[in-house]
Q: 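One structure, as structure tokens, below. Some questions next.
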Amino acid sequence: MDASLPKPDLLDRFTQIVGEGHVLREAADLAPRLVENRGLYHGRSPLLLKPSSTQEVAAIMTLASQTGTPIVPQTGNTGLVGGQTPRETGGDIILSLERMNRILDVDPVANVLVAEGGAILADVQKAAEAVNRLFPLSLGSEGSCRIGGNLSTNAGGTAVLAYGNMRQLCLGLEVVLPTGEIWNGLRRLKKDNTGYDLRDLFIGAEGTLGVITAAVLKLFPRPAGHQVAFAGISSPEDALHLFEKASNLCGGALTGFELMPRLGVEFTTRHIAGVRDPLPAPYPWYVLIDISTSDKAETAEVMVQSLLEQGFEAGLVQDAVIASSVAQEQALWHMRESMSDAQKPEGGSIKHDVSVPVSKIPAFMEEAARAVTSAMPGARICAFGHLGDGNIHYNISQPLSDDMAGDKPAFLARWREINGIVHAIVLAAGGSISAEHGIGQLKRDELAQIRSPIEMALMYRIKQAFDPAGIMNPGKVVALP
Ligand SMILES: Cc1cc2nc3c(=O)[nH]c(=O)nc-3n(C[C@H](O)[C@H](O)[C@H](O)COP(=O)(O)OP(=O)(O)OC[C@H]3O[C@@H](n4cnc5c(N)ncnc54)[C@H](O)[C@@H]3O)c2cc1C
């Protein structure tokens with residue numbers, strides 16, 4: 001047995017903290033927790049622990065720090081950068097918060113909800129709805145991802161335009177530190193200028209600084225009016241002009257403004273059950289517009305109609321449909337949210353989760369398409385995303401040409417090279433190589449190359465200050481020099 005791996009008696013000591021019935025030790029049980037959604041990372045681990053309380057998490061971290069045992073927090077296992085996957089070394093123990101899934105308090109007057117770190121996002125949304133409030137974070141993975149993971153990745157999703165990402169939706173946190181100490185920062189204050197903001201350090205840290213065990217989240221009034229429109233357009237340039245009109249007309253009522261290419265619509269209609277092309281004729285690009293108003297339903301109706309009229313008059317909108325029922329609204333969003341899944345049957349897909357300043361999106365799209373197809377003739381670019389946030393999921397499907405057809409491994413072997421091409425254009429435009437998915441294992445080395453030495457030095461110092469023993473999700477986000 002490898003001397004660096006935890007011995008069976010140490011595994012027994014960890015097991016005793018949560019109880020025999022709340023661990024996974026058999027290879028078959030552990031297998032689904034060792035691989036992430038895209039199959040990019042396959043890790044190894046001897047043990048998965050499912051604590052039921054903050055005190056049990058603290059006991060686990062205390063034992064881990066005393067014995068130098070690496071711990072990997074995992075909640076929904078839907079992360080897209082390998083942050084929740086243990087390393088291949090085989091000694092990382094997985095800490096799953098799936099039993100800590102309770103909603104602890106809902107206060108519709110103060111507009112706050114307190115949840116444990118393992119609460120499923122969809123359950124938090126439902127708990128808010130039950131008191132006529134909205135928790136606006138919305139992701140394609142909301143039925144499985146959990147609040148601890150959402151906070152640790154600073155998740156974005158489809159309503160960032162109006163409500164912000166997870167950082168903006170959180171007031172307070174409870175965190176178990178790598179030493180086993182508990183920081184109770186479950187404050188419910190909108191105003192709190194008392195020194196360094198520890199909460200903001202843990203949000204987006206991807207489990208490298210501590211374990212988030214509970215959070216105070218912000219709620220909002222439920223919109224009285226809601227409209228979803230889907231428009232065929234000619235180019236990302238036209239989408240940008242339409243976005244400007246939508247912002248002027250709707251202000252804060254503009255909740256979502258998503259861009260999709262024709263290829264993405266073809267993929268979804270071909271591979272996703274029940275998805276139909278909403279328009280009778282094809283268009284090169286599409287936008288999905290989501291408007292929510294707080295006063296009355298008619299305001300949203302007037303807004304969406306005025307916007308489309310202005311779009312037609314300016315020659316920006318070629319054709320459009322407005323959803324006339326909740327089922328139609330859901331169908332239009334379902335098409336957009338299935339776009340990534342619809343790429344799977346088309347062979348390999350090289351992904352990018354990038355952001356650029358919104359006004360630079362058309363130029364970025366043009367330049368990236370030119371560079372990618374020149375490096376890889378026949379590459380099928382399926383770039384879609386949250387145009388309103390400047391965030392594009394620049395996905396590239398395997399070419400259909402003879403040399404690449406059927407050769408998924410050869411295509412995927414060029415992942416880093418193609419990332420390098422796209423990311424160089426993003427950085428030149430003042431953008432980011434990770435808009436909402438995080439760094440994890442996937443972009444760790446690239447982060448160190450693109451951030452300034454002083455920025456990286458500060459990150460290393462923060463990591464060392466919180467986790468001097470290096471046991472908290474090691475090898476993710478930053479690798480200590
Ligand atoms: C179909 C699909 C659609 C998606 N759409 C979006 C989208 O629109 N926007 C978006 O931002 N993301 C999206 N994602 C990515 C993913 O769902 C989010 O990153 C989500 O927030 C991860 O939550 P999780 O509970 O699954 O976390 P996990 O995958 O379990 O973990 C993610 C990271 O957080 C750390 N972590 C988990 N729990 C804790 C904790 N309690 N304390 C400390 N660290 C912790 C892990 O170590 C890991 O680094 C999508 C994923 C899928 C599969």
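All heavy atoms count here, side chains included; hydrogens, waters and symmetry mates do not.
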Q: Could you pull out the closest heavy-atom pair between Ala239 and Leu387, with the gap in Å?
A: CB-CD1, 4.0 Å

Q: Are a donor atom and an acceptor atom from the side chains of Asp238 and Trp285 found within less than 3.5 Å of each other?
A: no

Q: Can you sort out the partners of Val216 under side chain to side chain contact (heavy atoms under 4.5 Å, CB included), two or more places apart, ordered by chain and number?
A: Val112, Val114, Leu171, Leu186, Arg188

Q: Tell me whether the rings of Phe364 and Tyr394 are parallel (<30°), tilted (30 to 60°) or perpendicular (>60°).
A: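 Geometry flag for Tyr394 against Phe364: perpendicular rings.
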
Q: Look only at the side chain of Gln74 and the backbone of Arg33, and say whether a donor-acceptor pair between them is shorter than 3.5 Å.
A: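 Confirmed, Gln74 side chain pairs with Arg33 backbone.
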
Q: Show the nearest heavy-atom pair for residues Gly148 and Thr75, with the distance to one decimal.
A: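 Gly148 and Thr75 have their closest heavy atoms at C-OG1, 4.3 Å.
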
Q: Taking side chain as C-beta onward, heavy atoms only, is Glu337 less than 4.5 Å from Thr158?
A: yes

Q: Does a donor on one side chain and an acceptor on the other come within less than 3.5 Å for Thr78 and Ser144?
A: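 There is no such pair (donor and acceptor under 3.5 Å, judged by atom type) between the side chains of Thr78 and Ser144.
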
Q: Check whether the side chains of Glu436 and His393 place a donor and an acceptor atom closer than 3.5 Å, and report yes or no.
A: yes

Q: Report yes or no: do Ser96 and Glu98 form a side-chain donor-acceptor pair below 3.5 Å?
A: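 There is such a pair between these side chains.
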
Q: Is there a donor in the side chain of Gln343 and an acceptor in the side chain of Ser397, or the other way round, less than 3.5 Å apart?
A: yes

Q: Can you tell whether the side chains of Arg414 and Glu417 come within less than 4.0 Å, N to carboxylate O?
A: yes

Q: Please name the pair of heavy atoms, one in Leu121 and one in Asn150, separated by the smallest distance, quoted to 0.1 Å.
A: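 So the minimum-distance heavy-atom pair works out to CB-OD1, 3.7 Å.
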
Q: Between Leu80 and Thr153, is any pair of side-chain heavy atoms under 4.5 Å apart?
A: no

Q: Does any non-hydrogen side-chain atom of Thr299 lie less than 4.5 Å from one of Met303?
A: yes

Q: Under 3.5 Å, is there a donor on one side chain and an acceptor on the other for Asn37 and Asn77?
A: no

Q: I need the minimum non-hydrogen distance between Leu240 and Val358, along with the two atoms involved.
A: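 That closest heavy-atom pairing would be CD1-O, 3.4 Å.
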
Q: For the pair His271 and Phe267, name the ring-plane relationship: parallel under 30°, tilted 30 to 60°, perpendicular over 60°.
A: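 Aromatic pair His271/Phe267 classed tilted.
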
Q: Locate the shortest heavy-atom distance separating Ala246 from Leu254; write the atom from each residue and the value.
A: CB-CD2, 3.8 Å

Q: Of all the heavy-atom pairs spanning Gln318 and Ser234, show the shortest one and how long it is.
A: NE2-OG, 3.3 Å

Q: Which residue pairs satisfy the salt bridge (Lys or Arg N to Asp or Glu O under 4.0 Å) criterion with at least one member in residues 249-263, sequence neighbours excluded?
A: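 For residues 249-263, and leaving out neighbouring residues, the salt bridge (Lys or Arg N to Asp or Glu O under 4.0 Å) pairs sorted by first residue read Glu258-Arg336, Arg262-Glu266, Arg262-Asp277.
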
